Amino acid sequence: HALLAKIEEKVLSTDEPSEGALWITLGAYVVICFVVSLRGPEGLWLLDLAGLDEMVNPLTQNHLIIPLLGQVKGEHHARAHLLPCVFVTSSGIQVQLWLQRLVQLRTREGRTKGPAICDSEGIQLSTRILNARFVECLCDILEETPELFLPNIKNAGDIETWYNVFRSLRRGSNSRALSQGISNTCTSIINRWHLKEKANGRMPSFTNMPQY
């Protein structure tokens, strides 16, 4: 929540449209990766702007759909992934709002197809660019409210060492699930490629039918 508040602050404090657009894009990216438990590169798969508006603003459903297109670690071919998601999480993260802002931003830029996580020219952003902004926000938060961090995080160097978009959001998601008492079966279905990694190239041994 502190991270999203800091990103919002960055959006409001800039007079440069392209800079504000980048911060809005980061906010949506952070929300997607954290709430549906994605690694950094997987968050870049948010594609198909033509269909994203319909999925973010459903007429009849009580949830939204996050469309991704890519290759999950351990799989051999890129394919579409349609991830169901709540509008607002139990802790109050406004998933739909951030995705609506992203769609509206791309619409103002005249973009109706292609990557949603992109710059003002429509080029897909890299995790390097997103990570730099991510670390910048965390450094600001550390300076303002250091008590939000563990005692070993004392300066910007520690932030760069211990936090990055590739794993931090996914790990934070797993930690949140654990604190909420979510079952291992649930988290293993969502993070099914963990089993692929542990199999070391062999066929993974699924422990129950839902994991198929």
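Scope of the values below: all heavy atoms of this structure, side chains included, with no hydrogens, waters or symmetry mates. Please read all numbers here as calculations on a predicted model, not as lab measurements.
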*Asks:* Can you list everything that forms a side-chain hydrogen bond (donor to acceptor under 3.5 Å, both in side chains) with Glu144? Sequence neighbours excluded, please.
*Replies:*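 Once residues adjacent in sequence are excluded, the partners of Glu144 under the side-chain hydrogen bond (donor to acceptor under 3.5 Å, both in side chains) criterion are Lys6.
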*Asks:* Between the main-chain N or O of Leu44 and the side-chain N or O of Gln124, is there a donor-acceptor pair closer than 3.5 Å?
*Replies:*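 The answer is yes, because a donor-acceptor pair under 3.5 Å joins these two groups.
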*Asks:* Is any side-chain heavy atom of Ile141 less than 4.5 Å from a side-chain heavy atom of Leu148?
*Replies:*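 Answer yes - side chains close enough.
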*Asks:* Would Asn131 and Phe166 count as a side-chain contact (heavy atoms from CB on, under 4.5 Å) here? Give the steps.
*Replies:* CA-CA 8 Å; Asn131 192 65; Phe166 188 82; over 6 Å; no
*Asks:* Who passes side-chain contact (heavy atoms from CB on, under 4.5 Å) against Ile24, sequence neighbours left out?
*Replies:*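 Ile24 satisfies side-chain contact (heavy atoms from CB on, under 4.5 Å) with Val11, Arg101, Leu105 once adjacent residues are dropped.
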*Asks:* So, for Val165 and Thr127, which heavy atoms are closest and what is the spacing to 0.1 Å?
*Replies:*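 The answer is CG2-O, 3.9 Å.
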*Asks:* Would you find a donor on one side and an acceptor on the other, under 3.5 Å apart, between the side chain of Gln180 and the backbone of Ala177?
*Replies:*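 No: the side chain of Gln180 does not pair with the backbone of Ala177.
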*Asks:* When you compare the side chain of Ile66 with that of Val56, does any pair of heavy atoms fall below 4.5 Å?
*Replies:*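 No. Closest side-chain heavy atoms not under 4.5 Å.
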*Asks:* Roughly how far apart are Arg171 CZ and Ser37 OG, rounded to 0.5 Å?
*Replies:*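 Separation between the atoms: 12.0 Å.
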*Asks:* Report yes or no: does Arg111 contribute a side-chain atom to a donor-acceptor pair with the main-chain N or O of Ser120 at less than 3.5 Å?
*Replies:*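 Checked: pair present.
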*Asks:* Leu142 and Ile153: which non-hydrogen atoms are nearest, and at how many Å?
*Replies:*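 Reported closest heavy-atom pair: CD1-O, 3.8 Å.
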*Asks:* Run the numbers on Leu125 and Leu22 for side-chain contact (heavy atoms from CB on, under 4.5 Å), then give the verdict.
*Replies:* CA-CA 9 Å; Leu125 291 171; Leu22 184 54; 3.5 Å; yes
*Asks:* Compare all side-chain heavy atoms of Val95 with those of Val88 and state whether any distance is below 4.5 angstrom.
*Replies:*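 Answer no - side chains too far apart.
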*Asks:* Does Trp23 belong to the same Ile/Leu/Val/Met/Phe/Trp/Tyr cluster as Ile129, with side-chain heavy atoms less than 4.5 Å apart forming each link?
*Replies:*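 In one cluster: yes.
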*Asks:* Indicate yes or no: at least one non-hydrogen side-chain atom of Phe34 is less than 4.5 angstrom from one of Ser168.
*Replies:*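 Answer no - side chains too far apart.
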*Asks:* With Arg133, which residues qualify under salt bridge (charged side-chain N to carboxylate O under 4.0 Å, His left out), at least two apart?
*Replies:*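 Expected list: Glu19.
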*Asks:* If we only count heavy atoms from C-beta on, is the Pro67 to Leu52 side-chain gap below 4.5 Å?
*Replies:*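 Yes, side chains in contact.
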*Asks:* State, yes or no, whether a side-chain contact exists between Trp98 and Glu8 at a heavy-atom distance under 4.5 Å.
*Replies:*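 Heavy-atom side-chain distance check passes, below 4.5 Å.
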*Asks:* Could you walk me through whether Cys137 and Ile7 pass the side-chain contact (heavy atoms from CB on, under 4.5 Å) check?
*Replies:* CA-CA 7 Å; Cys137 287; Ile7 293 172; 3.9 Å; yes
*Asks:* Would you mind reporting whether Thr107 and Thr112 have side-chain heavy atoms less than 4.5 Å apart?
*Replies:*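 No. Closest side-chain heavy atoms not under 4.5 Å.
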*Asks:* Taking salt bridge (charged side-chain N to carboxylate O under 4.0 Å, His left out) as the definition, give me every residue that meets it alongside Asp119, ordered by chain and number, with sequence neighbours left out.
*Replies:*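 Expected list: none.
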*Asks:* Evaluate Asn57 against Gln100 for side-chain contact (heavy atoms from CB on, under 4.5 Å), listing each step before the verdict.
*Replies:* CA-CA 8 Å; Asn57 299 289; Gln100 284 174 335; 2.6 Å; yes
*Asks:* If you count heavy atoms of other groups shown closer than 6.0 angstrom to CD of Glu143, is the number above 12?
*Replies:*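 Incorrect, the count does not exceed 12.
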*Asks:* Is a side-chain N or O of Thr145 found less than 3.5 angstrom from the main chain of Glu147, in a donor-acceptor match?
*Replies:*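 Pair absent, no side-chain N/O of Thr145 close to backbone of Glu147.
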*Asks:* What are the two closest non-hydrogen atoms of Cys85 and Val35, and how far apart are they?
*Replies:*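 That closest heavy-atom pairing would be SG-CG1, 3.6 Å.
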*Asks:* Between Gln61 and Ile65, what is the shortest heavy-atom contact and its length?
*Replies:*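 Between these two residues, the closest heavy atoms are OE1-CG1, 4.2 Å.
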*Asks:* Closest heavy-atom contact between Ile117 and Tyr29?
*Replies:*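 So the two residues come closest at CD1-CB, 4.1 Å.
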*Asks:* Can you list everything that forms a side-chain hydrogen bond (donor to acceptor under 3.5 Å, both in side chains) with Gln96? Sequence neighbours excluded, please.
*Replies:*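 Checked Gln96 against side-chain hydrogen bond (donor to acceptor under 3.5 Å, both in side chains); zero matches.
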*Asks:* Listing request: all side-chain hydrogen bond (donor to acceptor under 3.5 Å, both in side chains) pairs with a residue in residues 154-165, at least two apart in sequence or in separate chains.
*Replies:*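 For residues 154-165: none.
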*Asks:* Linking I/L/V/M/F/W/Y whenever their side-chain heavy atoms sit closer than 4.5 Å, directly or via other members, would Leu49 and Leu97 fall into one cluster?
*Replies:*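 In one cluster with Leu49: Leu97, no.
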*Asks:* Would you give the length of the straight line joining atom CE of Met55 to atom CG of Leu83, rounded to the nearest 0.5 angstrom?
*Replies:*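 Reported value, rounded in 0.5 Å steps: 10.5 Å.
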*Asks:* So His1 and Ser91, do their side chains get closer than 4.5 Å, heavy atoms only?
*Replies:*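 Counting from C-beta outward, Ser91 and His1 do come under 4.5 Å.
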*Asks:* Say you draw a straight line from CD1 of Ile159 to SG of Cys139; how long is it, rounded to the nearest 0.5 Å?
*Replies:*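 Answer rounded to 0.5 Å: 5.0 Å.
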*Asks:* Can you name the nearest heavy-atom pair linking Cys33 to Leu169, along with the distance?
*Replies:*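 In terms of heavy atoms, the two residues are closest at CB-CD1, 3.6 Å.
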